[in-house]
Amino acid sequence: MKSIYSAYVEDAQDLAPFYSGSPRSLLSSVPAVGPLYPGLAESLTVYQGALGGSARAPVGDVSVIVTGQQPALFTGPLYTIYKAATAIRLAARLSKASGTPCVPVFWLASDDHDFEEARTAYALTKQHAPMAFTYSPERDVTSRAMYRVPVESSLHAMVDALAEAVPGSEFKDDVRAFLHSSLDEATSFSDWTARLLARLFRDTPLLFFTTELPVMRAASVDILAREIAEPLWSSTRVNESGARLQSLGYETQLAKGATDCGFFLDIEGKRCKVVYEQRDFVVPATGWRYTADELQHMLVAEPERFSPNAALRTVVQQRLFPAVAYVGGPGEVAYWGQFKALFDDLQMRMPVVYPRAQGRITTAKLNKLLHRCGVQVDELLAPIEQIEERALRNAAAGPGMDALANCRREIERCLAELERKLSDAKAPSLGVRERVITELDKAQRALERSDATRVETVKQNVARICNTFAPGRKPQERVYTVFSYLFEHGWGLVPRLTEAIDIESFATSEIEL
């Protein structure tokens, strides 16, 4: 099936009904402006101060670029940094072009409860290998929103282990000190993530928002009230859009269960799924049942117990911010295509979905090593055995390999001629050509591996470039935390990354450090 992301960045016309505009249309238009949700500006300003920042939320009509991510250990993979950097650059671009203030906002999904995904971070070590760091709280945090996940003393030991594992420099002590001090100040796992991101982007206009703020619950009430009054409204609309996309040949991202509601309910500190069955709202984890009237009363009295799912979060986000664009990764770009019907039903303007920049950190030394191995970065997602074969062939290049190649071409020409004559004579070939080619392949492999020292060097070089650029056969940006590089390059690294990314081509930017 077709990729929604690939088609979207190419402005495929059959996707137009599912989005509010193309990325390139955003760059050529004057962004719409509007007010922030009542009380949001004050709440944002107070929150920036709590994170140690000095930025203030704008007053009056503005346009907004929103991006976001759930909390993660050491801020998670690099793509989180590229998301924020894209929002900053895009807001600056639109502000300059239109003369209208455009503010970048990072939405920290602190009510997300997928701690299993968030608890592990990967770093690229001094030995050029990936190393996993996993946070395992002593307290049971199953199904708890990440603003309820505690930060425990074991994280201090993890900070020190990370600092010793990765390359360092004169910046090492300062970065380590901030990790420890911010950990001491943090009130939860999500709060620590917010503090780290705020420090990384301290000298930028990026504002941070977290979903446990009361203003978010207030803005959610009428949207969740509709979901209760019209059970399964949002899931039905999301699935209908998914079916339409599939009928056009696209592979969709979301498929909601037939009884899944668009919100979660806090039950004794746990974020619990809600389904609609037999005219009641049921919490499968507890077996508790509620009527629509009971939930409506609870929503008014205790809005903090409700949180929207990924689909309804997008419309709550728009209720809070007059967003002209949401910056998302490939998966988000795809699933936002199933949400336009929600915005239409609520008579809200859907923001343009803007693909985040993609980045790849490298060095001059690593680029030379890639050239020596004779491979391109995009080829590193293949099985490592194939990469080693190519690198060995490249390393063995010389008179011996040239002679073998010349002989092989002549032998294959003769074999082709022999097969033609046998065919004309209606005589069986008896697999001569296949047997000879097999022996030639063996001779080539033997020549490539004739120098044991060279073979070992090639394998080490291949392992290094694969671990650096494609750990676990995944792009670097989807695996390594920015702290893999921060101890060596200091806080100035993030401004360098922000400046180096290309926010318009949607191709991967190479960032040489």
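These values consider heavy atoms only, across backbone and side chains, with no hydrogens, waters or symmetry-generated copies.
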Steps toward salt bridge (Lys or Arg N to Asp or Glu O under 4.0 Å) verdict (Lys2, Asp14): CA-CA 12 Å; Lys2 296 183 292 185; Asp14 59 350; 3.5 Å; yes
Minimum side-chain heavy-atom gap Leu493-Leu200 below 4.5 Å: no
Side-chain donor/acceptor pairs under 3.5 Å, residues 275-286, sequence neighbours excluded:
unit_1	atom_1	unit_2	atom_2	d
Asp280	OD2	Arg289	NE	3.4
Thr286	OG1	Val283	O	3.4
Thr286	OG1	Trp288	N	3.1

Short side-chain donor-acceptor distance under 3.5 Å, Gln246 and Thr252: yes
Given Leu155, Thr134, Thr193, the one that forms side chain to side chain contact (heavy atoms under 4.5 Å, CB included) with Leu73: Leu155
Polar contact flag, side-chain donor to acceptor under 3.5 angstrom, Asp502-Ser505: yes
Separation of Ile361 CD1 from Leu497 CG (nearest 0.5 Å): 5.0 Å
Nearest-0.5 Å distance, CD1 of residue Ile65 to CG of residue Leu207: 12.5 Å
Any side-chain heavy-atom pair of Val375 and Leu380 under 4.5 Å: yes
Pairwise distance CZ(Arg319) to CG(Leu40) - rounded to 0.5 angstrom: 13.0 Å
Donor-acceptor side-chain pairing of Thr142 and Asp140 below 3.5 angstrom: yes
All side-chain hydrogen bond (donor to acceptor under 3.5 Å, both in side chains) counterparts of Asp260, not counting sequence neighbours: Lys273
Heavy atoms from other residues, nucleotides or ligands near CZ of Arg496 exceed 12 (cutoff 6.0 Å): yes
Heavy-atom check, side chain of Val66 versus side chain of Pro351, under 4.5 Å: no
Main-chain N/O of Gly68 paired to Lys83 side chain as donor or acceptor, under 3.5 Å: yes
cation_pi(Arg271, Phe264) dist<6.0 Å, angle<=45: yes
Polar side chain donor-acceptor pair, Trp107 to Thr67, under 3.5 angstrom: no
Among Tyr8, Tyr354, Trp336, Tyr5, the one residue meeting ring-ring contact (aromatic ring centres under 6.0 Å, His included) with Tyr19: Tyr8
Cationic N near anionic O, under 4.0 Å, Glu185 to Arg195: yes
Sidechain-backbone polar pair: Ser29 side chain, Ser25 backbone, donor-acceptor under 3.5 Å: yes
Min side-chain heavy-atom separation Ser136-Ser154 under 4.5 Å: no
Verdict with supporting geometry, Val103 and Leu206, side chain to side chain contact (heavy atoms under 4.5 Å, CB included): CA-CA 7 Å; Val103 180; Leu206 186 65; over 6 Å; no
Glu294, CD: over 12 other non-hydrogen atoms inside 6.0 angstrom: yes
Note: Glu332-Arg356 ion pair, threshold 4.0 Å (strictly below): no
Ser95 side chain vs Cys102 backbone, donor-acceptor pair below 3.5 Å: yes
Tyr135 ring center within less than 6.0 Å of Trp192 ring center: no
Leu15 vs Leu245, side chain to side chain contact (heavy atoms under 4.5 Å, CB included): CA-CA, chis, key distance, verdict: CA-CA 8 Å; Leu15 286 179; Leu245 284 163; 3.6 Å; yes
Separation between OG of Ser188 and CZ of Arg144, rounded to the nearest 0.5 Å: 13.0 Å
Under-4.0 Å salt bridge between Asp345 and Arg237: yes
Audit row: Phe306, Asp266, side chain to side chain contact (heavy atoms under 4.5 Å, CB included) steps and yes/no: CA-CA 6 Å; Phe306 293 77; Asp266 186 291; over 6 Å; no
Euclidean distance, Glu251 CD relative to Gln253 CD, rounded to 0.5 Å: 7.0 Å
Phe115 ring center within less than 6.0 Å of Phe189 ring center: yes
Backbone N/O of Pro101 and side chain of Ser63: donor-acceptor pair under 3.5 Å: yes
Phe18 six-ring centre to Lys340 NZ/CZ under 6.0 Å and within 45° of normal: no
Modelled atom types, side-chain donor and acceptor of Glu212 and Ser110, under 3.5 Å: yes
Thr125 side chain to Ala129 backbone, donor-acceptor under 3.5 Å: yes
4.5 Å side-chain heavy-atom contact, Leu36 and Leu320: no
Arg148/Asp111 salt bridge by N-O under 4.0 Å criterion: no
Any Leu124 side-chain heavy atom under 4.5 Å of Thr468 side chain: yes
pair Pro17-Arg244: side-chain heavy atoms closer than 4.5 Å: yes
Salt bridge (Lys or Arg N to Asp or Glu O under 4.0 Å) between Arg89 and Glu499, worked out: CA-CA 8 Å; Arg89 289 279 304 279; Glu499 183 63 28; 5.1 Å; no
Whether Gln338 side chain and Val238 backbone form a donor-acceptor pair below 3.5 Å: yes
Backbone of Met350 reached by a side-chain donor or acceptor of Gln318 within 3.5 Å: no
Evaluation steps, ring pair (Phe, Tyr, Trp, His ring centres under 6.0 Å), between Tyr335 and Phe339: CA-CA 7 Å; Tyr335 71 59; Phe339 297 159; 5.5 Å; yes
Donor-acceptor pair between Gln69 and Thr80 side chains, under 3.5 angstrom: no
Check against ring pair (Phe, Tyr, Trp, His ring centres under 6.0 Å), Phe321 and Phe209: CA-CA 11 Å; Phe321 298 97; Phe209 176 85; 5.6 Å; yes
Straight-line distance of Leu197 CG to Thr75 OG1, nearest 0.5 Å: 5.5 Å
Polar side-chain atom of Gln48 near backbone of Leu44 as donor-acceptor pair, under 3.5 Å: yes
Ser484 (side chain) donor-acceptor with Thr481 (main chain) under 3.5 angstrom: yes
Donor-acceptor contact below 3.5 Å, side chain Glu379 vs main chain Gln376: yes
Val324/Val352 under side chain to side chain contact (heavy atoms under 4.5 Å, CB included): CA gap, chis, key distance, verdict: CA-CA 6 Å; Val324 294; Val352 171; over 6 Å; no
No-hydrogen, no-angle side-chain donor-acceptor test under 3.5 Å, Gln317 and Tyr326: no
Exercise: do Arg360 and Ser509 side chains pair donor with acceptor under 3.5 Å: no
